[in-house]
There are 2 protein chains.
Amino acid sequence: MARSQFITTRRIAEEAGLSHSTVSLVLNQRGDELGIKPETQNHVREIAKRLNYTRNPLASGLKGGRTQTIGVMWILGGPHPSDEMTHRIVRRIQDREYVANLADHLSQIKDTVRILTDFSRRRMDAVIMQDGDEDQLHTPEILELLKSFPAAVIVSTHEWDAPCDLIIHDRLSAYRQVADHFADIGRRRPAILLPVPGSRAKTGAFLDQARARGMRVTPHSAIDMTPRPDQKITDASTEALDREFPGQFPFDCLHCSTDEGAVAAMSWLRRRGIRIPHDVAISGFNDSQFSDCLDPPLASVARRDNEVVDAIEKLVFQRLSSPQAPLSRTHVAMRFLARASAGAVSHLNHLLQEDVS
Amino acid sequence: MARSQFITTRRIAEEAGLSHSTVSLVLNQRGDELGIKPETQNHVREIAKRLNYTRNPLASGLKGGRTQTIGVMWILGGPHPSDEMTHRIVRRIQDREYVANLADHLSQIKDTVRILTDFSRRRMDAVIMQDGDEDQLHTPEILELLKSFPAAVIVSTHEWDAPCDLIIHDRLSAYRQVADHFADIGRRRPAILLPVPGSRAKTGAFLDQARARGMRVTPHSAIDMTPRPDQKITDASTEALDREFPGQFPFDCLHCSTDEGAVAAMSWLRRRGIRIPHDVAISGFNDSQFSDCLDPPLASVARRDNEVVDAIEKLVFQRLSSPQAPLSRTHVAMRFLARASAGAVSHLNHLLQEDVS
DNA sequence: CTGAAAGCGCTTACAG
DNA sequence: CTGAAAGCGCTTACAG
């Protein structure tokens, strides 16, 4: 198939005996507004359907119309659930007959600006962006750029005054829930394993809550496992534990910011003859598929990504059809799932279990 | 920032005192061919750089030029390594200052045609497609569409006469390696756990090799764990084992088409007092991060996705710069990694380990 | 109620 | 060696 013979408005206009501008107007739902006869409108739509017309997004965008294109800016190369998230978003976009542009961002804020500028210039109809804990997006330049899109949705870890629709995907309350759980079952010496730089909020949420519950927090409670480039989370975690604890492991509970980190920690502890959860209670994060098949089953945190994806889809397409609607705020909180690795199973768990996706 | 004031060729032409067509020619590297004075060319390029010019992809595409856009058609929603794969591809595309369009496909061949048509009409510079075992892409319509792109790369499980560059990402030889390994350590009763419909090739590779090595293959050796929509692989695997083996588990080795399935199987066997690998040797697939932290460490298959991504990038951009070069074929074979869950560690393993990404 | 015209920002023959 | 002109397929005032 040569790339040329797609159906154009001009072609429809010929068939209908009208001008191509009338066809364009009708096809953009502006017929009623301009008082074009219903028969004429129907005739045009009928021909368009019969010839299988779809608007050329390049031409439409160039002239200021819609491009049926949505940009998704996400942190690619995070842990698996984040990978899956982008795919779910892409499929929703595709189901609506839009095309999804995926881009990695937030690794360098310079890139974010460059990509967003490019997306704007490509006249994407909407942009969906992931925001981190560090308020990287709160620059005048980015906020201004965001306004250039007919629709924009930010998925953030916390609430702020974004000039667009905002979904707050809260993870910090889950960090507090884990600390509460460890306190509830009588643990006193908490630790948390995560990439410390860039995780101030998470570390704080967990350790502050632990402290509030009377646990003994020490400077060693935050264990840094920042991976080197291309290093696996599991290897980085094992390395960190080897480095920090050549002798004794001085904690009785350990929360890890990923299930992969938790698996590595469990394996590391086991090799030292430490029993889980008897000696050390463990929790992971993200409720990975493999978590409840481990021995013991790994406690974790359910992200509720499905709810987030539902909200994204709803907000984007509502905004595209009602540009003037007031900005919206949607909250989705992640939830701790107690399992055997974290000691006694919380009585809350089966209550929560139900609405976990 | 309003969407209007991007730099145009006209703007550069004004600064340079030339016509915008001359500017366009120079910027598209056609200056030498048309004998435009080197000084003029340099002047134009200098201004373009100073004003931070980038070509409007919408306008360029509409007129038949490049759009700096690459479509990626992949099976989204597969197991994790597949998720990660798309992200790696996207990042390579982004590093080259192209934009990546991601689409799910192969679930329905109708969608594949629709998406490919849309990508063609959007005048994407290249398309990168995943192909399955079932030759779904071998229709005249799709082959014809593929030719409409300046560059196209197919990543297939097997070699065929695709009218574009082809990467053969072979998994079947790894299935045979697993069977060989089980035979080498003296196992006689093999089973394989996977979604049987649509896995004829995999099942055949494993069981035929097992048979060739004198193992006792039975009709029950292929255990079907096809997940229901939205069902997790782990749950589907557990369910399948419950359903097929209410009594005894009559095998002494089990290969699973994913690590998630293997984890579920290990957990299921353990609950029945079956020892791994003593009673049943187990292997998974994809060499997931968590695999070698399990107890016992899970044998698996390394996909060598890095090599595939390298090949994709190389082929796409070579093709874009040399449209006339002969079609290429690149082979990347996945490799079995013996670990404790699969019984005695193969002497081959540390040889293989090295070039595993 | 509908059509003729301009123009989005490029690319590409065609003139000179 | 360079410019004037046409046109990709739309959208959108503007006329009538």
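Computed from a predicted model, the values in this text were never measured in an experiment.
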(message) Given 3.5 Å as the limit, does a donor-acceptor pair link the side chain of T67(A) with the main chain of P57(A), or not?
(response) no
(request) Report the distance from atom CG of L34(A) to atom C1' of dT2(C), rounded to the nearest whole Å. (result) 10 Å
(message) Could you check whether H87(B) and H87(A) have their ring centres less than 6.0 Å apart?
(response) yes
(message) For DNA chain D, report each stem as range with range, ordered by first number, or say none. Use Watson-Crick or G-U wobble pairs under 3.5 Å, at least 3 in a row.
(response) C:1-3 with D:14-16, C:5-12 with D:5-12, C:14-16 with D:1-3
(message) Measure CZ/R66(B) against C1'/dT11(C) and give the value in whole Å, please.
(response) 13 Å
(request) For G35(A) and for L62(A), locate the closest nucleotide of DNA chain C by heavy-atom distance; then report the residue assigned to the nucleotide nearer the 5' terminus. (result) G35(A)
(request) Compare side-chain N and O positions of T8(A) against OP1 and OP2 of dC8(D) and report whether any pair is under 4.0 Å apart. (result) no
(request) Taking only the side-chain heavy atoms of N56(A) (C-beta and beyond), determine which of dG7(C), dC8(D), dG9(D) contains the nearest atom. (result) dG9(D)
(request) Would you list the pairs meeting salt bridge (charged side-chain N to carboxylate O under 4.0 Å, His left out) in which at least one residue belongs to residues 6-34 of chain A, sequence neighbours left out? (result) R11(A)-E15(A), E15(A)-R50(A), R30(A)-E33(A)
Contact list (N/O, under 3.5 angstrom) for nucleotides 13-16 of chain D vs protein:
none

(request) Examine dC10(D): is either OP1 or OP2 under 4.0 Å from a nitrogen or oxygen in the side chain of Y53(A)? Give yes or no. (result) yes
(message) Using whole Å, what does the distance between atom C1' of nucleotide dT12(C) and atom CZ of R55(B) come to?
(response) 14 Å
(request) Using heavy atoms to find the nearest nucleotide of DNA chain C for A59(B) and T22(B) separately, return the residue whose nucleotide is more 5′. (result) A59(B)
(request) Determine the contact category for L18(B): base if any of its heavy atoms lies under 4.0 Å from a base atom, sugar-phosphate if only primed atoms, P, OP1 or OP2 are that close, otherwise nothing. (result) sugar-phosphate
(request) Could you tell me the separation between the CD1 atom of I12(A) and the P atom of dG9(D), rounded to a whole number of Å? (result) 13 Å
(message) Please report the distance, rounded to the nearest Å, between NE2 in H20(A) and P in dT12(D).
(response) 13 Å
(message) Both K63(B) and T40(B) contact DNA chain D. Taking the nearest nucleotide for each, which residue is further toward the 5' end?
(response) T40(B)
(request) Output the single nucleotide from dC1(C), dT12(C), dC10(D) whose closest atom is nearest the side chain of S24(B). (result) dT12(C)
(request) Find the distance between CG (D104(B)) and CD1 (I93(A)) and round it off to the nearest 0.5 Å. (result) 12.5 Å
(request) For dT12(C) and dC1(D), measure between their P atoms and round to the nearest Å. (result) 22 Å
(message) Under 4.0 Å from OP1 or OP2 of dT2(C): is there any side-chain N or O of K37(A) that close?
(response) yes
(message) Please determine whether a side-chain nitrogen of the Lys or Arg among R92(B) and D310(B) lies less than 4.0 Å from a carboxylate oxygen of the Asp or Glu.
(response) yes
(request) Mark yes or no for whether R319(B), through its side chain, and A325(B), through its backbone, hold a donor-acceptor pair below 3.5 Å. (result) yes
(message) Is it the case that the side chain of T139(B) and the backbone of I142(B) share a donor-acceptor pair, with hydrogens and angles ignored and the cut-off at 3.5 Å?
(response) yes
(request) For H158(A) and D131(A), test the side chains for any donor-to-acceptor distance below 3.5 angstrom and give the result as yes or no. (result) no
(message) Just N and O in the side chain of S19(B): are any of them under 4.0 Å from OP1 or OP2 of dA4(D)?
(response) no
(request) Using whole Å, report how far CG of N28(B) lies from P of dT11(C). (result) 4 Å
(message) Looking only at the aromatic ring of each residue, does the gap between the centers of W74(A) and H105(A) stay below 6.0 angstrom?
(response) no
(message) At 4.0 Å (heavy atoms only), tell me whether R10(B) reaches a base, stays on the sugar-phosphate, or touches nothing.
(response) nothing
(message) Distance check needed: dT2(D) C1' versus H43(B) NE2, whole Å only.
(response) 16 Å
(request) Going by the side chain to side chain donor-acceptor pair (under 3.5 Å) test, name the single residue among R122(B), R114(B), R121(B) that passes it with D118(B). (result) R122(B)
(request) Find the distance R123(B):CZ to dG9(D):C1' and express it as a whole number of Å. (result) 13 Å
